[in-house]
Amino acid sequence: MAINTQKAINGLLYSWSDIRVNLLGRSLVGILAIDYDDSQDTKSVYGRGKRPIGRVSGNYKANASLTLEMSEVEALNLSLAPGQSIYDIAPFDVVVVYTNPEQLLITHVLKGCVFTKQDRSSKAGDVKEIEVKLPLYVTEIDWIA
C-alpha cells in the first residue's frame, strides 16, 4: 500500500501540540518535554588498502527523558505504595502519539522503561513552573508501532 507523503503548501505540520504521551495508564497533561533517540554501533572493516571493505554492527542503545511539571511527578509518587519510589516501578512502556489531523497518525513506543533519576531545581526570581527532568533507561524504541 502506497502512503501519500505529499504535503499541501502551507499545510499543518507536526508540532508540540500534536504530541500525546501515555505511561503507566495515564495520559500526561503536565509534560513539558520529551526526548528520545537510539543508535547502532557500526564499524568499518579494513583489508588491503585504505578504504573499508565492509562494516560490522555492534550494540544497539536507546535513550529517553521526560520533563514533567512537578505536580505531575508528585501525582505519580502519590500513586505508589508506601515506602516505594519511582525506582521501584516495574519496567513500563511509554507511548508517544503524534495526532496531527493533516498528517499521518504516528506512534512510537519506548519499551522497557525504568526511571533512573529525578532532577528538580528552582531559584529565587523564577516565575515559572518547577520542572522535573526524569531520564529513562530504555531497552528499545519501536518507531513503527
Quiz prompt | Under the salt bridge (charged side-chain N to carboxylate O under 4.0 Å, His left out) test, residues paired with Arg48 that sit two or more places apart | solution = none

Self-check item: Contacts of Thr139 that satisfy side-chain hydrogen bond (donor to acceptor under 3.5 Å, both in side chains) - sequence neighbours left out
Solution: none

Quiz item: Quick one: do the Asn63 and Asp37 side chains pair a donor with an acceptor below 3.5 Å?
Solution: yes

Self-check item: Of all pairs that satisfy ring pair (Phe, Tyr, Trp, His ring centres under 6.0 Å), the ones with a partner from residues 43-94, not counting sequence neighbours
Solution: Phe92-Phe115

Quiz prompt | Same apolar cluster: Val21 and Val132, side chain cutoff 4.5 Å | solution = yes

Result block: side-chain N/O donor-acceptor pairs under 3.5 angstrom for residues 123-131, not counting sequence neighbours:
unit_1, atom_1, unit_2, atom_2, d
Asp126, OD2, Lys123, N, 3.1

Quiz item: With a 4.5 Å heavy-atom cut-off, do Gln103 and Leu13 have their side chains touching?
Solution: yes

Quiz prompt | Linked, directly or transitively: Ile34 and Val97 (ILVMFWY side chains, under 4.5 Å) | solution = no

Quiz prompt | Single-linkage hydrophobic cluster, 4.5 Å side-chain cutoff, Leu68 and Val29 together | solution = no

Quiz item: Does the pair Glu140 and Lys61 meet the rule for a salt bridge (Lys or Arg N to Asp or Glu O under 4.0 Å), with working shown?
Solution: CA-CA 7 Å; Glu140 171 185 7; Lys61 176 122 174 91; over 6 Å; no

Quiz prompt | Contact check, side chains of Val73 and Leu134, non-hydrogen atoms, under 4.5 Å | solution = yes

Quiz item: Which pairs with one or both residues in residues 120-145 pass ring pair (Phe, Tyr, Trp, His ring centres under 6.0 Å), sequence neighbours excluded?
Solution: Tyr36-Trp143, His108-Trp143

Practice problem: For Leu80 and Ser85, work out which heavy atoms get closest and say how close. | Solution: CD1-C, 3.4 Å

Quiz item: How is the hydrophobic cluster of Val45 composed, in terms of its other members, when Ile, Leu, Val, Met, Phe, Trp and Tyr link through side-chain heavy atoms under 4.5 Å apart, directly or indirectly?
Solution: Ile53, Val56

Exercise. Measure the shortest side-chain to side-chain distance between Leu24 and Ile89 over non-hydrogen atoms and say whether it is less than 4.5 angstrom.
Key: yes

Practice problem: Using the rule that two of Ile, Leu, Val, Met, Phe, Trp, Tyr join whenever any of their side-chain heavy atoms come within less than 4.5 Å, decide whether Leu23 and Tyr98 are in one cluster. | Solution: yes

Exercise. Report yes if the side chains of Val96 and Thr107 come closer than 4.5 Å at any heavy-atom pair, otherwise no.
Key: no

Exercise. State, to 0.1 Å, how close Lys133 and Ser65 come at their nearest heavy-atom pair, and which atoms those are.
Key: CE-OG, 3.6 Å

Quiz item: Is Glu72 reaching over with its side chain to a backbone N or O of Leu28, donor-acceptor style, under 3.5 angstrom?
Solution: no

